[in-house]
Amino acid sequence: MNENTKSSSGTYAADFSKLSGADSGFAVSWHNIDLAAGQSETFSLIVGVGEVSDPPAWDSENSVYLTMDAEVDQNNRIVNVSAKAKDADGLTDTLFYSVDGGDGVNLGSVTADGNVKTINGEIDLTDYEPGTYTFAFWIVNSNGAASESVEREITINDDGSIDGLDSGGEAPEQTEDSKIPYIILGGIVYEVLEDNVPALMMPEKPGAFDAALDTYSIYMGDKGFSDVAKSDWFYGDVTALANKGVVGGYPDGSFMPYGEVTWGEALKMVMKAVGYGDIAPTGDHWASGYLETALADLLISGEVELDAVITREEVANLTAQALKLAPAGIEYPFDDVAPEAAVALYAAGIIKGSADDGQLLFRAESTITRAEMSAIVWRVYCVR
């Protein structure tokens with residue numbers, strides 16, 4: 001042990017033949033145990049009983065080789081590990097790794113023959129967040145003797161690429177043909193097919209796909225707003241609708257996602273989502289043409305103040321009528337009062353309601369924000 005750093009690594013072996021009556025030995029291996037003054041830790045030690053032996057010896061070149069096949073697959077980031085070392089004939093050498101000083105993980109074993117042998121294994125980085133990680137590798141033989149550890153630093157970048165490998169790890173190069181329109185429903189990522197039908201893409205790991213938005217350039221272009229960040233839950237819905245020309249922003253470049261939706265805004269968003277084109281004003285108000293058309297097509301009835309905020313119940317009635325949804329034959333899903341249109345939209349996956357203390361609420365009389373409206377309208381666009 002180094003008395004200055006209180007750090008130690010190595011192997012201790014002793015002859016225990018007097019206890020066993022045979023030529024056998026005892027070995028304990030440890031790695032980089034660092035303790036500050038007064039600090040106490042419990043460590044797991046690898047113990048083996050057998051002939052006294054030297055620890056496995058790393059090959060002088062390419063002792064640990066890390067590769068990935070071609071470009072990074074964002075949904076399946078597997079690092080191939082090849083470790084080269086030699087040990088006494090007949091011993092079993094097992095390769096371990098740890099991440100940032102965590103528990104050791106068995107990667108695989110090989111039977112030594114006195115020559116350099118290769119131990120292969122795989123490390124799955126799929127669920128790792130962007131950041132830099134220190135991987136330690138070491139080999140323990142069947143007598144409990146351990147090699148020195150080899151450390152490799154691996155960095156997972158925000159664009160999905162991986163640095164620190166010997167080969168591979170580049171982010172995939174995207175072309176116009178490979179860009180994917182998508183929708184998130186209930187935290188699950190769906191691909192939007194040519195006929196606007198959502199197809200399940202990744203039911204288990206939507207987070208991995210979300211983290212790769214930059215890499216995959218999901219949208220055909222990127223019409224951004226100054227107050228809509230890629231980390232916002234509504235970023236995908238707002239950006240997709242903007243690129244489809246369904247929603248727009250304000251002259252200062254903002255979208256005002258938390259602003260309340262007016263009747264004029266709701267009419268334009270819903271009608272364009274179901275297939276209406278741009279409708280020119282027929283009066284003084286910019287949305288007067290949408291209102292006149294909505295009344296003529298029986299999407300709404302009665303008088304409407306275009307600059308008045310719209311309620312959730314009114315949004316549900318407008319949207320269900322625009323989609324021509326029939327009454328839903330499902331059990332009533334909400335724990336408060338909601339119109340039949342809201343139930344039909346719930347059955348179609350357009351709205352989800354709000355969870356509140358174990359209850360699912362529709363909040364019919366509440367207003368709706370531009371961000372919330374965008375989430376609904378993007379689902380409308382995808383299932384129209």
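Sequential numbering from 1 along the given sequence is applied to the chain's residues.
Ring centroid separation for the pair Tyr258 and Phe234 comes in under the 6.0 Å cut-off.
Formation of a donor-acceptor pair under 3.5 Å by the Arg312 side chain with backbone atoms of Thr367 is found in this model. The closest donor-acceptor contact from the side chain of Ser288 to the backbone of Thr282 lies under 3.5 Å. Asp232 contributes a side-chain N or O that, together with a main-chain N or O of Ala229, makes up a donor-acceptor pair within less than 3.5 Å. Side-chain N or O atoms of Asp336 include one that pairs as donor or acceptor with a backbone N or O of Arg363 at under 3.5 Å. Side chain of Tyr65 to backbone of Lys84: no donor-acceptor contact under 3.5 angstrom is found. Between the side chain of Asp100 and the backbone N or O of Tyr133 there is no donor-acceptor pair closer than 3.5 Å. Within the 3.5 Å criterion, the main-chain N or O of Asn143 finds a donor-acceptor partner in the side chain of Asn141. Side-chain N or O atoms of Thr92 include none that pairs as donor or acceptor with a backbone N or O of Ser142 at under 3.5 Å.
The two residues Glu265 and Thr262 have their closest heavy-atom pair at OE1-N, 3.0 Å. Closest heavy-atom contact between Trp58 and Ala83: CZ3-CB, 3.8 Å.
For the ring-ring contact (aromatic ring centres under 6.0 Å, His included) condition, no pair includes a residue of residues 100-119, sequence neighbours left out. Within the structure, ring-ring contact (aromatic ring centres under 6.0 Å, His included) contacts touching residues 337-359 (residues at least two apart or in different chains) are Phe334-Tyr346.
Sparse packing is recorded around CD of Glu340, with 12 or fewer heavy atoms of other residues, nucleotides or ligands lying under 6.0 Å away. For CG of Asp103, the number of neighbouring non-hydrogen atoms (other residues, nucleotides, ligands) closer than 6.0 Å is 12 at most.
No side-chain heavy atom of Val105 sits under 4.5 Å from any side-chain heavy atom of Ile123. Using a 4.5 Å heavy-atom threshold, the side chains of Lys86 and Asn115 count as separate.
Note: the hydrophobic cluster containing Leu360 also contains Ile350 (ILVMFWY, side chain heavy atoms under 4.5 Å, direct or indirect links). Under the 4.5 Å side-chain heavy-atom criterion for Ile, Leu, Val, Met, Phe, Trp and Tyr, Val274 and Ile351 are members of the same hydrophobic cluster. Grouping the Ile, Leu, Val, Met, Phe, Trp and Tyr side chains by contacts below 4.5 angstrom, directly or via other members, places Ile368 with Ile300.
The residues Lys272 and Asp278 are annotated as salt-bridged, a charged nitrogen and a carboxylate oxygen being separated by less than 4.0 angstrom.
Using a 30° and 60° split on the angle between ring planes, Phe137 and Phe135 fall in the parallel class, below 30°.
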Thr118 vs Asp59, side chain to side chain contact (heavy atoms under 4.5 Å, CB included): CA-CA, chis, key distance, verdict: CA-CA 10 Å; Thr118 300; Asp59 186 26; over 6 Å; no
